[in-house]
There are 2 protein chains.
Amino acid sequence: MQAKKYNISVEATLEVIGGKWKCVILCHLTHGKKRTSELRRLIPQITQKMLTQQLRELEEDGIINRIVYNQVPPKVEYELSDYGWGLKGILDALCAWGEKHLDKVYGDKYSVLEKSVLNEQLD
Amino acid sequence: MQAKKYNISVEATLEVIGGKWKCVILCHLTHGKKRTSELRRLIPQITQKMLTQQLRELEEDGIINRIVYNQVPPKVEYELSDYGWGLKGILDALCAWGEKHLDKVYGDKYSVLEKSVLNEQLD
DNA sequence: TACTCTAGATACCTTAAGGTGATATAGGCA
DNA sequence: TGCCTATATCACCTTAAGGTATCTAGAGTA
C-alpha cells in the first residue's frame, strides 16, 4: 500500500475521526461500552444507516471494538479499543471547548435545560 | 437568538472547526501569522474559493483575525485571535495523533520523504 | 499599451455525504 | 401461525460541501 500524500498530519486524523458523527459517537463511548440501541437513543438525529456505517469505519480503523453476543434478539456492543483510547484526550478537549464556546456564544440564552440534558447524556 | 439544540457539546465544536479545511488552516496558523498566498502554498489542494470561504467563517466565529494592509497589490494576513488560541491544545493534539497514526498504519512504507515534507510544512 | 501581481467575488456545476424507506434475520412467545 | 425483538443491509434520493471558470480592483513595469 502506498502512503497517501498528506500535507500536514492533521489530515490523517480527520480521515479517521472526521465527518458529522464520528466524534459524537466516540465521545459517548468514552463513557463506556454502549449497545447499538443505546447509541441511537443518545444520538436521536442519527439514522440507523449512518450509525452502523460510521461504526463500521471506526472498527476498520481499529478505533473501536465490536462485541457480538450470540443471542436472539441480537445484542451488539461497541467500545473504544486500546488504540481508540488514545483519542480520549482529544475527545475530552473537544467536548470541553464546545461547552465553553456555547457559554460564550449564547451566554444566559443558553438555557439551563439544555445543560442538564447535555450533562445527563454525558453520564 | 435561540440556542441551537445540541445533544452533546462536541457538536458545537464541530460546527466551528469541522469540515475538510478548517483544522488544516488553523494548524498552520498556530505556527504564526500567514498571508493568503502563504496559506495557498501551504495547502496546495485548497481552491481560492474554499480558502477565503473558510477564513470568513473562522473570522465570523471569532477564531481568527483578518489584518488588511492598505496597499496595492493587496496584502492580507490572518492570525489566531485570543479566542482562537484556546484551540491550540486541540490542534496540537490532532496533529500529534495524526503523526502517530501514520506511523502505525504505514510503518516503514510511510517514507522519510513524506515526513520531511510534512515537518517542513509544520515549521 | 498590455500585462503583472494579490486578494477576492460570483455564478454555475459536480460529487460525496448523508437521509429515507423497505427488507432480512432467527429465535422466543402469545 | 404469525408477530415480536435488535441489528443490519440495500436501493434509491436529496442536499450541502466543495470545485471550476471567469471576473474585479489598482498600481507597477516591460
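Letters A, B, ... mirror the listed sequences (proteins, then strands); counts begin at 1.
A straight line from NZ of B/Lys22 to C1' of D/dG18 spans 13 Å, rounded to a whole angstrom. Taking atom CG on A/Asn70 and atom P on D/dA8, their separation rounds to 13 Å, with Å as the unit. Going from atom CD1 of A/Ile17 over to atom C1' of C/dA17 covers 18 Å, rounded to whole Å. In this structure, CE of B/Met50 is placed 16 Å from P of D/dA21, rounded to the nearest angstrom. Between the C1' atom of C/dT25 and the NZ atom of A/Lys75 lies a distance of 19 Å, rounded to the nearest Å. Note: CD (A/Gln71) to C1' (C/dG27) measures 11 Å, nearest angstrom. Between the CZ atom of B/Arg41 and the C1' atom of C/dT6 there is a distance of 15 Å, rounded to whole Å. Between the CD1 atom of B/Ile46 and the P atom of C/dA7 there is a distance of 14 Å, given to the nearest Å.
Closest approach to the B/Thr47 side chain among C/dT20, D/dT20, C/dG8 is made by D/dT20 (side chain taken as heavy atoms from C-beta onward). Counting only heavy atoms from C-beta on, A/Gln54 has its side chain closest to C/dG18 among D/dA6, D/dT9, C/dG18. For A/Lys49, whose side chain is taken as the heavy atoms from C-beta onward, the closest listed nucleotide among C/dG8, D/dA11, D/dA8 is D/dA11.
Within the 4.0 angstrom heavy-atom criterion, base atoms lie near A/Gln48. Across all strands, B/Arg40 comes closer than 4.0 Å to no nucleic acid atom at all (heavy-atom distances). Counting non-hydrogen atoms under 4.0 angstrom, B/Tyr69 reaches nothing in the nucleic acid.
A/Thr30 contributes no side-chain N or O that, together with a main-chain N or O of A/Lys88, makes up a donor-acceptor pair within less than 3.5 Å.
No single ILVMFWY cluster, assembled from side-chain heavy atoms under 4.5 Å apart, contains both A/Leu80 and A/Ile67.
A close approach under 4.0 Å does not occur between any side-chain nitrogen or oxygen of A/Lys20 and OP1 or OP2 of D/dA17. OP1 or OP2 of C/dG8 lies within a sub-4.0 Å distance of a side-chain N or O belonging to B/Arg66. Using a 4.0 Å cut-off, some side-chain N or O of B/Tyr78 falls inside it from OP1 or OP2 of C/dG8. An OP1 or OP2 oxygen of C/dG8 is reached within less than 4.0 angstrom by a side-chain nitrogen or oxygen of B/Thr36. The phosphate of C/dT6 (OP1 or OP2) has no side-chain N or O of B/Arg35 nearer than 4.0 angstrom. Within the 4.0 Å cut-off from OP1 or OP2 of C/dC5, not a single side-chain nitrogen or oxygen of B/Ser37 is found.
Taken from NE2 in B/His101 to CG in B/Leu94, the straight-line distance is 13.0 Å, to the nearest 0.5 Å. Note: A/Glu57 CD to A/Ile25 CD1 = 9.5 Å, rounded to the nearest 0.5 Å.
B/Glu38 and B/Lys33 get closest at one heavy-atom pair: OE1-O, 4.4 Å.
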Legend entry - Residue pair B/Ile46, B/Val24: steps toward the side-chain contact (heavy atoms from CB on, under 4.5 Å) verdict: CA-CA 10 Å; B/Ile46 202 171; B/Val24 177; over 6 Å; no
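Nucleotides of DNA chain C nearest to A/Trp21 and A/Pro73 differ in position, and the one nearer the 5' end is that of A/Trp21.
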